[in-house]
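Would you mind keeping the following structure in view while I ask a few things?
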Amino acid sequence: MSTAVPSREEISRLCDAYLDAVSAHDPDAVVALFAEDAQQQEPVGSPPRVGHAEIRAFFEDSNDIPFRLTRFGPINVVGNRAAFQVLVEIDTPQGQVRMTTIDTIVVNEECLISELLAFPDRETDPTDSPGARLVLAS
């Protein structure tokens, strides 16, 4: 029995919709992109959040943090998995903090996120990436 895999275009739209919903600080829109039994681990190494309630709580906790997410570079799609790099800009009282993260997702047959892993690296220099240099120059 074969399982239908969403298309590259569907998965790419899902990745961008996820970034848009997170940047809009809209937990309802974020959770709508996840399967009911999804797992989210952000950052990798932290305890995974499982299911809509735990994932919603994570995003509600970050609602007061002024940040923006901007994808740079392509979304790499292989089968039902995708990886993409994101510039994270956080406004703090001490000034703006920038870092990069690489997110990986696995999608189910309905093109909902069944697993999300985020690899934020506070020590990377976002200007070390040609894609980030283009985003930062605009």
Side-chain angles (χ1 to χ4, degrees):
M1 174 178 214
S2 67
T3 305
V5 174
S7 71
R8 166 182 278 288
E9 292 75 23
E10 290 171 315
I11 294 171
S12 294
R13 282 193 302 271
L14 175 66
C15 294
D16 285 336
Y18 169 76
L19 293 175
D20 290 344
V22 173
S23 290
H25 302 274
D26 186 344
D28 291 332
V30 173
V31 170
L33 301 172
F34 282 84
E36 296 236 1
D37 60 347
Q39 293 189 35
Q40 177 235 12
Q41 194 175 21
E42 189 170 341
V44 165
S46 65
R49 283 155 292 283
V50 179
H52 282 177
E54 289 184 17
I55 293 169
R56 178 187 309 282
F58 174 81
F59 287 103
E60 285 176 345
D61 287 346
S62 67
N63 260 356
D64 294 335
I65 301 170
F67 66 86
R68 285 166 304 289
L69 305 178
T70 306
R71 177 174 60 84
F72 52 89
I75 298 170
N76 293 355
V77 178
V78 177
N80 68 333
R81 298 173 184 268
F84 50 96
Q85 191 171 24
V86 178
L87 173 66
V88 181
E89 297 173 293
I90 306 166
D91 296 326
T92 73
Q94 295 76 32
Q96 190 176 69
V97 174
R98 291 181 172 148
M99 68 176 173
T100 60
T101 183
I102 294 175
D103 288 0
T104 65
I105 67 166
V106 178
V107 301
N108 65 15
E109 303 81 37
E110 289 82 35
C111 201
L112 294 173
I113 300 168
S114 60
E115 179 184 71
L116 182 137
L117 302 175
F119 299 81
D121 188 345
R122 295 175 194 267
E123 295 183 32
T124 59
D125 177 3
T127 62
D128 191 33
S129 165
R133 285 193 290 274
L134 290 173
V135 168
L136 293 170
S138 59

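Values in this document were obtained by computation on a predicted structure and should not be read as measured data.
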Requested in this report: Mind checking salt bridge (Lys or Arg N to Asp or Glu O under 4.0 Å) for Arg81 and listing every partner two or more places apart, or none if nothing turns up?
Outcome: none
Requested in this report: Write down the atom of Asn80, the atom of Ile11, and the distance for their closest heavy-atom approach.
Outcome: CA-CD1, 4.1 Å
Query raised in the report: For the residue pair Asp64 and Pro66, what are the closest heavy atoms and their distance?
Result: O-CD, 3.4 Å
Report task. Please list, chain by chain and in numerical order, all residues satisfying side-chain contact (heavy atoms from CB on, under 4.5 Å) with Glu9, sequence neighbours excluded. Result -> Ser7, Arg13
Query - Residues that Thr101 engages under side-chain hydrogen bond (donor to acceptor under 3.5 Å, both in side chains), provided they are two or more places apart - result: Asp103
Report task. Write down the atom of Leu19, the atom of Arg71, and the distance for their closest heavy-atom approach. Result -> CD1-CB, 3.5 Å
Query raised in the report: In terms of hydrophobic clusters joined by side-chain contacts under 4.5 Å, are Val78 and Leu116 together?
Result: no
Query raised in the report: In chain order, what residues pass the salt bridge (Lys or Arg N to Asp or Glu O under 4.0 Å) check against Asp37, with sequence neighbours excluded?
Result: none
**Report entry** Counterpart residues, side-chain contact (heavy atoms from CB on, under 4.5 Å), relative to Glu110 (two or more places apart)
**Finding:** Asn108, Leu112
Query - Selection residues 22-33 - residue pairs positive for side chain to side chain donor-acceptor pair (under 3.5 Å), sequence neighbours left out - result: Asp28-Arg56
Query raised in the report: Is the number of heavy atoms from other residues, nucleotides or ligands under 6.0 Å of Gln96 CD greater than 12?
Result: yes
Report task. Could you state whether Ile65 and Leu87 fall into the same hydrophobic cluster, counting links through intermediate Ile, Leu, Val, Met, Phe, Trp or Tyr residues with side-chain heavy atoms under 4.5 angstrom apart? Result -> no
**Report entry** CD1 on Ile90 to CZ on Arg98, rounded to 0.5 Å
**Finding:** 11.5 Å
Requested in this report: Starting at SG of Cys15, measure out to CD1 of Ile113 and round the result to the nearest 0.5 Å.
Outcome: 7.0 Å
Query - Joint hydrophobic cluster, Leu14 plus Val31, side-chain heavy atoms closer than 4.5 Å - result: yes
Report task. With sequence neighbours excluded, tell me which residues meet salt bridge (Lys or Arg N to Asp or Glu O under 4.0 Å) with Asp91. Result -> Arg68
Residues 45-53 side chain polar contacts: donor-acceptor under 3.5 Å, at least two apart:
| unit_1 | atom_1 | unit_2 | atom_2 | d |
| --- | --- | --- | --- | --- |
| Ser46 | OG | Pro43 | O | 2.6 |
| Arg49 | NE | Gln40 | OE1 | 2.7 |
| Arg49 | NH1 | Pro47 | O | 3.3 |
| Arg49 | NH2 | Glu42 | O | 2.7 |
| His52 | NE2 | Phe34 | O | 2.8 |
| His52 | NE2 | Ala35 | O | 3.4 |

Query raised in the report: Would you find a donor on one side and an acceptor on the other, under 3.5 Å apart, between the side chain of Ser114 and the backbone of Val106?
Result: yes
Query raised in the report: What residues form a side-chain contact (heavy atoms from CB on, under 4.5 Å) with Asp121, not counting sequence neighbours?
Result: Glu123, Thr124
Query - Contact summary for Ser12 and Ile75, nearest pair of heavy atoms - result: O-CD1, 3.5 Å
Query raised in the report: With the 4.5 Å side-chain cut-off for hydrophobic clustering, are Val22 and Leu117 part of the same group?
Result: no
Requested in this report: If a pair satisfies ring pair (Phe, Tyr, Trp, His ring centres under 6.0 Å) and one of its residues is in residues 79-126, list it, with sequence neighbours excluded.
Outcome: none
Report task. Mind listing the closest non-hydrogen atom pair of Val107 and Pro6 along with its distance? Result -> CG2-CG, 4.0 Å
Requested in this report: Answer yes if Ile105 and Phe72 sit in the same cluster of Ile, Leu, Val, Met, Phe, Trp and Tyr residues linked by side chain heavy atoms under 4.5 Å apart, and no otherwise.
Outcome: no
